[in-house]
Amino acid sequence: MGSLPKPDKLSICWELLHRIDSMIFTGLINTGEASDLRKLVLDYKVSVADVFTDTLQKRDAELLAELRHFSNGSKKSGYHIIHICTEMEPLVSVGSLAPYVSGLSCALQRKGHLVEVILPKYASLDLDGVQGLREIEAESYSYFNGQLHGNKIWTGVFSGIGVTFIQPLYYSSFFSRERVYGYSDDFERFTYFSRASLDYILKSGKQPDVLHIHNWETAIVGPLFWDIFVKQGLGSTRILLTCQSLDSQCLERPDKLALCGLDPDRLHRPDRLQDNNKTHLVNILKGGLVYSNKAVIMSSIHSKGRIVRSLGHGLESTLAVHQDKLLVAPSGFENSTWDPSNDKFLPENFCAEDLKGKTVCKVSLQQQLGLSKNASTILVGCIFSDLSDVAENVKAVVRDASMRGIQFIFMGNRALASFQEELEDGNVRFIDSHNDDLSHLIFAGSDIMLCQSFHDPVLQVPQKALKYGAAPIAVNLNDIGFRHFIDFDHGTSKISQFISSTFGNMSLSQALDEIKNNPSNWKRRIMDAMSQDFSWDAECCDIHVSAYSALKNL
């Protein structure tokens, strides 16, 4: 019988941290000693991982004795960040929050920061990739609706990130449902989870540098932290809120704030949670903005000024008051799996300095989908999450270009399947469902990727296209490209600036003409695009690290 694979050093450190959590809940140590032991693990994690390789085999008392005597090691510098959120790819994935949490967390950890994620224990969680999943033996209690309620706490490690799952016992139905969102009691569900997360952090003695909260669902952590928790041993912790979008805000009756222990009269004020338009209600996302120390708004195409002035969905005046704390960051992609130079899904790898493999990928893609095999034929990839807004534009673009012999491949949307019958030249292929393996080959084999928007936080088509040597081009009938969709004023992201200076003002017909009439210039643009880094590890991570640094100086 083969031996189990040896755990990596990061997993060993997380196992130690989770065992320290367990020691607190079982009463073996107090929160003060737990804080000291965590600091020991974090400050000396390289040496700790070498010494404590068999932590799973040790009883808590034995492990505690060894930790108390441990010394010497390699000093770690970095921030301790705890995400309190409702999605993380691939454990639970609904929209843009899931890839953001996992992508940013991994990028931060690669740069030496310690990151952990707290999630509800949904019945629908995909736990296949979670290592060392275990239940903490003692219950954790949290306040809700005038009483303390027990929760089961589960811990594990996913991709080197410590993950904690909170499972309500009395309110067991909150997260045992088919969907993640869309219920009439969503405010109660996620307010319960937010309060339970803070109660767990406090009970466990954790003292993170940053509590990173997300969207309206955990924005209530902001007022809870400053009104209730900050004076209970979390005085050095700061709050960062990320908004994937400002159009989902959650308006509720003020009296409902009392469910989690907040004072409605104190918070139902214009400068706090009172909604700017429906003044008889409180706005939960507004509360997160007001009570966070920094707020990051995710957008690859809009500047901070534009968002504050006109894209706040009723929160413009609040954003204006708090604009000094606002940052804008672009989405990224996971460069450990999306890199043509070592992509395991490609028949031949390639890079900006050697593009021969891209031709091999194109011919392989044509052959696999029954298209005419010709490396000189221009191939356009189309991977959309939603076609409802652009279906007619796409049909017109394809009709026009297919008459010029251009090949098209659509993936992941059935909305245009009927359009296939309208084409008689066989230059279009439809793949109804998303196929991750094949999507890599589509990016690698395409000369152009049609984009519904350059802000594509779910599929990250523009960023991946640039990395794989495919030009991201607007779905637009006119010859004005994306001028309506990119801000050119100060504060736009690097990817926005790069695309606007290269492919952003091209329609598909202009791009096809450029490939035909100026092939050498086109190749230079493609090679330059491939050399850029728009992954999570680049600008997105840098902006967040600068925000964390600013928080610690407050």
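Predicted model only: the values in this text are computed from it and were never measured.
- Side-chain polar atoms of N283 and Q249 form a donor-acceptor pair below 3.5 angstrom.
- Put simply, the side chain of R238 does not reach to within 4.5 Å of the side chain of L211, judged on heavy atoms.
- Side chain of R179 to main chain of G182: a donor-acceptor pair is present (N/O by atom type, distance under 3.5 Å, no hydrogens or angles).
- Rounding to the nearest 0.5 Å gives a distance of 13.0 Å between CZ of F534 and SG of C540.
- When all heavy atoms of G95 and V458 are compared, the closest pair comes out as C-CG2, 4.0 Å.
- For the atom pair CG of L466 and CD1 of I499, the computed distance is 5.0 Å after rounding to the nearest 0.5 Å.
- Each ring pair (Phe, Tyr, Trp, His ring centres under 6.0 Å) pair with one or both residues in residues 344-365, not counting sequence neighbours, appears once here: F345-H440.
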Exercise. Could you go step by step and tell me if L355 and K523 meet the side-chain contact (heavy atoms from CB on, under 4.5 Å) rule?
Worked result: CA-CA 10 Å; L355 289 169; K523 184 178 180 180; 3.9 Å; yes

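- Smallest separation of non-hydrogen atoms from P120 and L125: O-CD1, 3.9 Å.
- Among residues two or more places apart in sequence or in another chain, the side chain to side chain donor-acceptor pair (under 3.5 Å) test is passed with K516 by none.
- Interatomic distance, L319 CG to S317 OG, rounded to the nearest 0.5 Å: 8.0 Å.
- Taking S248 as the reference, W216 meet the side chain to side chain contact (heavy atoms under 4.5 Å, CB included) condition, with sequence neighbours excluded.
- Side-chain atoms of S105 come within 3.5 Å of backbone atoms of V101 as a donor-acceptor pair (strictly under, hydrogens ignored).
- In summary, the side chains of H212 and T242 do present a donor paired with an acceptor at a separation below 3.5 Å, with no hydrogens or angles considered.
- Between C243 and M298 the shortest side-chain heavy-atom distance does not fall below 4.5 Å.
- With S159 contributing its side chain and I161 its backbone, the two residues share no donor-acceptor pair below 3.5 Å.
- The nearest pair of heavy atoms linking N427 to S402 is ND2-O, 3.7 Å.
- Taking CZ of R525 as the reference point, atom CD1 of I515 lies at 10.5 Å (rounded to 0.5 Å).
- Checking side-chain atoms of Q463 against main-chain N and O of S331 turns up a donor-acceptor pair under 3.5 Å.
- With sequence neighbours excluded, no residue forms a side chain to side chain contact (heavy atoms under 4.5 Å, CB included) with D324.
- The shortest heavy-atom contact between S11 and V157 is OG-CG1, 4.1 Å.
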For this session: Dump the intermediate steps for side-chain contact (heavy atoms from CB on, under 4.5 Å) on F454 and V461, then the final yes or no.
Result: CA-CA 8 Å; F454 284 129; V461 169; over 6 Å; no

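- The side chain to side chain donor-acceptor pair (under 3.5 Å) pairs that include a residue from residues 284-298 are N276-K286, where partners are two or more places apart or lie in different chains.
- Judged as a side chain to side chain contact (heavy atoms under 4.5 Å, CB included), and not counting sequence neighbours, the contacts of R524 are S520, N521.
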For this session: I would like to know whether Q244 and S96 meet side-chain hydrogen bond (donor to acceptor under 3.5 Å, both in side chains); could you show each step before the answer?
Result: CA-CA 7 Å; Q244 297 294 317; S96 58; 3.1 Å; yes

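- Applying the salt bridge (charged side-chain N to carboxylate O under 4.0 Å, His left out) test to residues at least two apart or on different chains, the pairs with a partner in residues 361-377 are K362-D447.
- Using modelled atom types, no side-chain atom of Q532 and backbone atom of A529 make a donor-acceptor pair closer than 3.5 Å.
- Listed here is the closest heavy atom pair of S535 and N335: OG-ND2, 3.1 Å.
- Checked against ring pair (Phe, Tyr, Trp, His ring centres under 6.0 Å), Y468 has the following partners two or more places apart in sequence or in another chain: W338.
- Between the side chains of N374 and S372, no donor N or O sits under 3.5 Å from an acceptor N or O.
- Applying the side chain to side chain donor-acceptor pair (under 3.5 Å) test to residues at least two apart or on different chains, the pairs with a partner in residues 345-354 are D354-K356.
- V290 and K325 make their closest contact through O-NZ, 3.1 Å (heavy atoms, listed as atom of the first residue, atom of the second, distance).
- Below 30°, between 30° and 60°, or above 60°: for Y79 and H113 the angle between ring planes is below 30°, a parallel geometry.
- Judged purely by atom type and a 3.5 angstrom limit, R429 uses its side chain to pair as donor or acceptor with the backbone of G370.
- Annotation: the span from L326 atom CG to K304 atom NZ amounts to 5.5 Å, rounded to 0.5 Å.
- Here the side chain of N342 pairs no donor or acceptor atom with the backbone of K344 at under 3.5 angstrom.
- With a 4.5 Å cut-off on side-chain heavy atoms, I307 and L246 count as touching.
- Separation of atoms OG (S336) and CH2 (W536) is listed at 12.5 Å; rounding is to 0.5 Å.
- At least one side-chain heavy atom of F410 sits under 4.5 Å from a side-chain heavy atom of V394.
- Panel note: side chain S197, backbone I84; no donor-acceptor pair is recorded below 3.5 Å.
- Annotation: ring pair (Phe, Tyr, Trp, His ring centres under 6.0 Å) contacts involving residues 504-529, sequence neighbours excluded, comprise F503-W522.
- Judged purely by atom type and a 3.5 angstrom limit, S507 uses its side chain to pair as donor or acceptor with the backbone of Q510.
- Using a 4.5 Å heavy-atom threshold, the side chains of Y548 and L108 count as touching.
- In this structure, I82 and V210 have side chains that are not in contact, with every pair of non-hydrogen atoms separated by 4.5 Å or more.
- Taking the centre of each ring, H302 and H455 stay at or above the 6.0 Å mark.
- Legend: residues meeting side chain to side chain contact (heavy atoms under 4.5 Å, CB included) with V94, ordered by chain and number and at least two apart, are E87, V180, Y181.
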Problem set entry | Test log, rule side-chain contact (heavy atoms from CB on, under 4.5 Å), inputs I406 and L379 | CA-CA 6 Å; I406 309 303; L379 182 57; over 6 Å; no

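- A salt bridge is defined here as a Lys NZ or Arg NE, NH1 or NH2 lying under 4.0 Å from an Asp or Glu carboxylate O, and R110 with D537 meets this definition.
- For the side-chain contact (heavy atoms from CB on, under 4.5 Å) test with L441, the passing option among N435, L369, L365 is L365; the others fail.
- Contact check for T237 versus D209: no side-chain heavy atoms found under the 4.5 Å cut-off.
- In this structure, V117 and C85 have side chains that are in contact, with non-hydrogen atoms separated by less than 4.5 Å.
- Less than 6.0 angstrom separates the ring centroid of H544 from the ring centroid of Y100.
- Side chain of S93 to main chain of E89: no donor-acceptor pair is present (N/O by atom type, distance under 3.5 Å, no hydrogens or angles).
- The list of salt bridge (charged side-chain N to carboxylate O under 4.0 Å, His left out) pairs with a residue in residues 453-467, not counting sequence neighbours, is empty.
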